[in-house]
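So that the names make sense, note that chain A is the first sequence line, chain B the second, and so on, each numbered from 1.
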Amino acid sequence: MMKKRSFYKNLIRSISNSKGRFFSIMAIVFLGVSFFAGINATEPDMIISADKYYKEQNLSDFKIISPLGFKDEDLTEIKNIRGVSRIQNGYYKDLFLTTAEGDIDVAKLLSYDPQDFKDDVGINTPFLIEGRLPQNIGEISLESGFNAPKDIKIGDKLTASVPSGEDIHDGLNSTEYTVVGFISSPLYITYERGQTNIGDGSVDYFGYIYHEDFNMKHYNEIYISLVASEDHQAYSDGYEKIVKNPEALLEALGIAAMMRETKTFREELEESRDLFLESKAKAQAEIDKGQAELENAEKKIEQGANALSEMESRYKREIEMGQADLDYGKSAVEQAKISYFEGYAAWLEGYNEYQDGRMDLIEAKSELDDAKIQIENGETDLENARAQLETTQATIIALKEIQSGLPPEDEIPTQEEYDLLIEEIQLINPQLAQALKAYSPEYFDRFRQALDSSIITLEENYAQGQKQVEEGQRLLDESKLQYENGLKEYEAGVLLLQKAKAELDEAKLQIDFAKDEIEKGEIELQRGAQELEKAQAELDEALNKGYAELEKSREDVNEGWKIFEEEKRDALAKITEAEIEIKDAQRQLLELPKEWFVNTRDANPGYSSYGDDANRIGAVAKVFPLFFFLVAALVCLTTMTRMVEEERVQIGTLKALGYNTSSIALKYLAYGLLASLAGSVAGFLLGFQLFPRLIMTVYGGMYDIPYMLSPVHLDYAMLSTAIAVLTTVSASLWASLAALRTTPAQLMQPKAPKPGKRILIERIGLLWNHMNFTQKVTARNIFRYKRRFFMTVIGISGCSALLLAGYGIKDSVNAISQVQFDQVFLYDGIVAMDTGNKERAELQEVLGTNPGISEYASAMMESVSVFKDGGRQFEVSLWVPEAKNEFANFFDLHERVSKDPISLGDDGAVITEKLSRLFGVESGDSLEFRDSENRVYSFEIAGIAENYLGHNVFMSKEYFDKVTLREPEYNAGVFKLYEDRAFDESGFKEDILAFEGAVGVSLASTFREDFNETMSSLDYVVLILILSAGALAFVVLYNLTNINITERIREIATIKVLGFRSREISAYVYRENLILSFIGTVFGLFLGSILHRFVMDTMEVDNMMFGRIISGWSFLYAVILTMIFSVLVNVLMFFKLKKVDMVESLKSIE
Amino acid sequence: MSFVKLINVIKRYKMGEVIITAVDGVDFEIEKGDFAVVVGASGAGKTTVLNLLGGMDKLDEGSIIVDGADISMYNDKMLTEYRRFDIGFVFQFYNLIQNLTAKENVELASQISKNPLDVEMVLNMVGLKERMDNFPSQLSGGEQQRVAIARALAKNPKILLCDEPTGALDYQTGKSILKLLQDTCKNQGMTVIVITHNAAIQHMADKIIKMKNGKVSKFMVNENPVPVEGIEW
Ligand SMILES: Nc1ncnc2c1ncn2[C@@H]1O[C@H](COP(=O)(O)OP(=O)(O)OP(=O)(O)O)[C@@H](O)[C@H]1O
Ligand SMILES: [Mg+2]
């Protein structure tokens, strides 16, 4: 008992002795838990609140609309779907309501049948705010809030009207309605009221009128409740699940019903379309045929011309070749003539030579003949000489015989004997005989002598003669030989001559032949030349003829083309006509409703965006507060650890006194537990109330949900308390156990001071030597106490990260308005024209004559729902400019990152960036849209443009035509104002609306202001974040600095004793703190950027895109705020520092 | 007029309801260049007197005149200046800054002084020139106390106040520290006031102040102080 009491005493003293610490732990835990629990509770609280509202008002699970109205058979079939608990039929009509003041708005009137709401079972029960619901014809209950006409009150009257050309009694009985009450509806929890096909395309407000005011044949709207929806929370997975089956069934029913309703009409349309298609095809075929024929003819002409020119060139070539041949022949003849003359000359020469030769031969012959005669003469002479010789010889022989017969020498012949001798001599040689006669036989010796002498002489003569004959013979022979040789020569000469003659004759023959040939050649040449000339003439004629023919066929074809063109024009006109008909038929087919519009709650923009917003908060809650919380837990941990360390002497003493470990540890456990538990409980109690309510209030500006439930969420309470208590308690446990493990003696010993150490930068001489003394000390301290370093850096970086994220969110939101209105929407206003009004003024009159307007353009603007594969749909403004190049002055369509301008092409639409992100589509993908007449079209995306606010789809009129098969009806004028001229808004509006058919003016500036106002609620969320972050920053810094100072109290006391002035002491301590804060801040900026990114990605709402860039200012603010907190804490600490008691703290080593 | 003069100094501590008069009318005078010793039982008020003299605490009554100035009239700011320029303090437990080297610890003091002594010279004087780049944790107790003395001396103060400088040291070391103090007093002509429990030390002092129950029980002037070497205890 005693022990316990002293335990409590000790505990209480411990707490009261360190109130600051205890409360700072509490405060940190409180902040962390309240933020964590509160922000986390916001999502469920939002959903619970909405769910309560939905259940109370019995929000329908389905709203189905039939373009052609529901038949009784449809109703029964719907009722029979399994799971459907109740259906409620109704009417709706969009029209204009005019207040007594003359303000015209587009209103959606819904039917109210009190029967439906008997026994509290009605679906989509209006939530009565003031007055009552309509109970009679001519009564209306309007929605409350900022959508409804300004200052309207119960009892006011509204006049209903419809666009010109329609009859209001085509659906309604009354034209004047008295306001009997104000309501809100779970069907419309956001500012969006949906689109319509009248006025500027969007509904301004809704109201309920008595059901009997509608005089339509069929119900056009059905609300359906499911049995199971009562058991499931809105937005829950369970709810999503139960809706699936009925949805599919309803869709199938709708398709079948529409098929049934539109079948015959569809068939007719298809038939006539096919008919026109056929006639178009026929006309086209004819055109094609005529064209083909003409082209064929042209081709043939072309071919003919080609052939002709080919022929021409070929013949020309031939003629040229003939001419060349002719020329060649001529030159050959010339050549032949030359060689003929040469040959002739040669022959003449030869002939002369031959004649000469012949003369020579004749001469030689006569000489030969002479020689023959001489030879013959010589022969005779020789014969004669031979004969004489023979005679001589004979004489000699005879004489010799005589001589030989003569008496021997001394004898003298008798004269008879002498005379016989003389006679004998006489017979032999008279002359001798004569001569001897003279001699008488007395003298016979003389005779002998004479005979001897005569024989001698005769012998001499003979020999002489012999010789002479031989000589003559030899000469003769010689002559004979000569003669024969000459003869032979002569004969050879004759032969030769004859041969030469023959050759000459031959040559002559040849020459003569050549001459003939030449003559013949000349004749031929002449003939050739004549032929050539003729051929040329013929060719020329033929060519001329060919060309003339070609020319003619050309003319024919041209004529044919002319005719064809005319025919074609007619045919084309026919085709265009057919095409228009086809398009018309197709358009009507396309526009034929194919199904009911089965809308789950998701199709209700308020419902789904509320769910998304809650989700988003939930997503933010997953990181932001956790981060926050972790920083807080970290600081608790440090603080507790520090506390145990400070009290080590006390622990040692207690231990020495015999307290056991657990009872000592218990104190610290209890301390930590108490502080964290108290902080936690206070934290979640406040957090569960503060944050959800704060945020719901902020969102209350956007959503009309009358409940704001903020129960205690046990799970988050437990979770956050558990984390907080666990970190704190386990920190104290860990620290105290660590202390308790050592012996009491050690504990009571002063804890060995942490030894000094050199730090890394001391080794960088250049840097270190340039630092002054205090800088060195600071540097060493910073790097020496690593734990302190990290704790401070992490703590401070957490704070500055939170601050930066907070400011970054603001930037991202602000970027919307700035970029949107300064860089994307360049226009200053839009005028809506009633295209149904036949008398409406031209845009030129409405805008062109206004002195305030600098430029304007005409466009079609329509509110459409865009969706993909039947998924979620988004309300989008569809723009079709009349002149697409002008349009760029009003809407700057460009790619966000590259700033490349995007132009409107003929093969796709430009959509805004957020839309592309929501559907996850890019260029080349396609989407569908449903226009205000419930017609559904599919279109392709050609570009994605920077845009932050709302969604737009831009199409060129050509593409719009391609998609819808319709011409756009230009129902809007966008305009710019002179910037430097004074602008009177109400006067301006009045001027414009005074024109016939001008139904509305909206100004970009108003839009901008409205937007900024809406966004101011987000500003509050940001403010909450910044304040929380600031509070955390402050507490964290306070704690860390506190620890820092406590840890160093001795050191501070020492330098105080040394005579350091207060400022110097603070500088000594704070320089470190500031540097650590700075490092933490810089680190925090990185962290903050990441945090911001994440928060933006999760927080973004559907109908806008946030910027992603944090401005330099925000960085600056985050830094400055962190630093301010840091300085503020340090200023607070200044007094603590001043109070440090030198005497006390130096008394002993503790 | 004496260099240091305490006139009827009274210091009271309030402990809740109880008022403890730690110093109860102390008077004494010390001349410039004196080596004074304060002795007395535990709780006698020695430390309190020294703290008052050192400008670390304010007195409740009486006045303390140092070099002609009455510091009892000083406000906090003036006291800081007084400590800064006139006082050197040596603590029983050294109170060096762990994170600074011996030299840096001395520099810490010298850099705020008007006419500091050269840091290395002072360290040389206390015989620690070789160890000046060591951190306190690398030095023995005696060495640390010498650094503390060097730190006090480097400021070149008018008065050196030492509260049991040898209390945590062994005999020999204590003796060498005392010698250092005595030498400083003699050589530099500095006024040194030392608190001690060691009665033997009296013999080396010029003035001996004995305290009891917050009062000066005996004030003695030692005409023949002995050098510390000659004292045994
Ligand atoms: N800050 C204080 N609060 C209350 N009483 C104190 C304080 N400082 C000193 N005292 C009291 O004043 C008296 C004198 O204390 P002081 O420290 O001067 O004694 P001392 O002579 O230095 O003793 P010791 O030799 O033990 O150091 C003591 O009774 C002490 O209890
Ligand atoms: Mg003492």
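Closest heavy-atom contact between A:Leu1058 and B:Ile112: O-CD1, 3.2 Å. For the residue pair B:Arg84 and A:Phe1060, the shortest heavy atom distance occurs at NH1-CA, 3.9 Å.
Note: B:Ile97 leads B:Ile97, B:Ile87, B:Asn134 in heavy-atom pairs under 4.5 Å with chain A.
By the 4.5 Å heavy-atom criterion applied to side chains, B:Met56 and A:Lys1056 are not counted as neighbours. Contact check for B:Thr80 versus A:Glu1064: no side-chain heavy atoms found under the 4.5 Å cut-off.
Interface residue B:Leu108: backbone and side-chain heavy atoms are both found under 4.5 Å from chain A. Proximity to chain A (any heavy atom under 4.5 Å) is shown, for B:Asp133, by both the backbone and the side chain. For a residue to count as touching a neighbouring chain, one of its non-hydrogen atoms must lie under 4.5 Å from one of that chain's; by this rule B:Lys155 touches chain A with the side chain only. In this structure, chain A has no heavy atom under 4.5 Å from any part of B:Ser113. Of the atoms belonging to B:Tyr82, not a single heavy atom falls under 4.5 Å from chain A. Residue contact with chain A, scored on non-hydrogen atoms closer than 4.5 Å, involves the side chain of B:Glu81 exclusively.
To the nearest 0.5 Å, the span separating CG on B:Leu96 from CZ on A:Arg1050 amounts to 10.5 Å.
Sparse packing is recorded around CZ of A:Phe1078, with 12 or fewer heavy atoms of other residues, nucleotides or ligands lying under 6.0 Å away. No more than 12 heavy atoms of other residues, nucleotides or ligands lie within 6.0 Å of CZ in A:Phe1083, so this atom counts as exposed by the packing criterion. Remark: B:Asn213 CG is loosely packed, at most 12 non-hydrogen atoms of other residues, nucleotides or ligands lying under 6.0 Å away.
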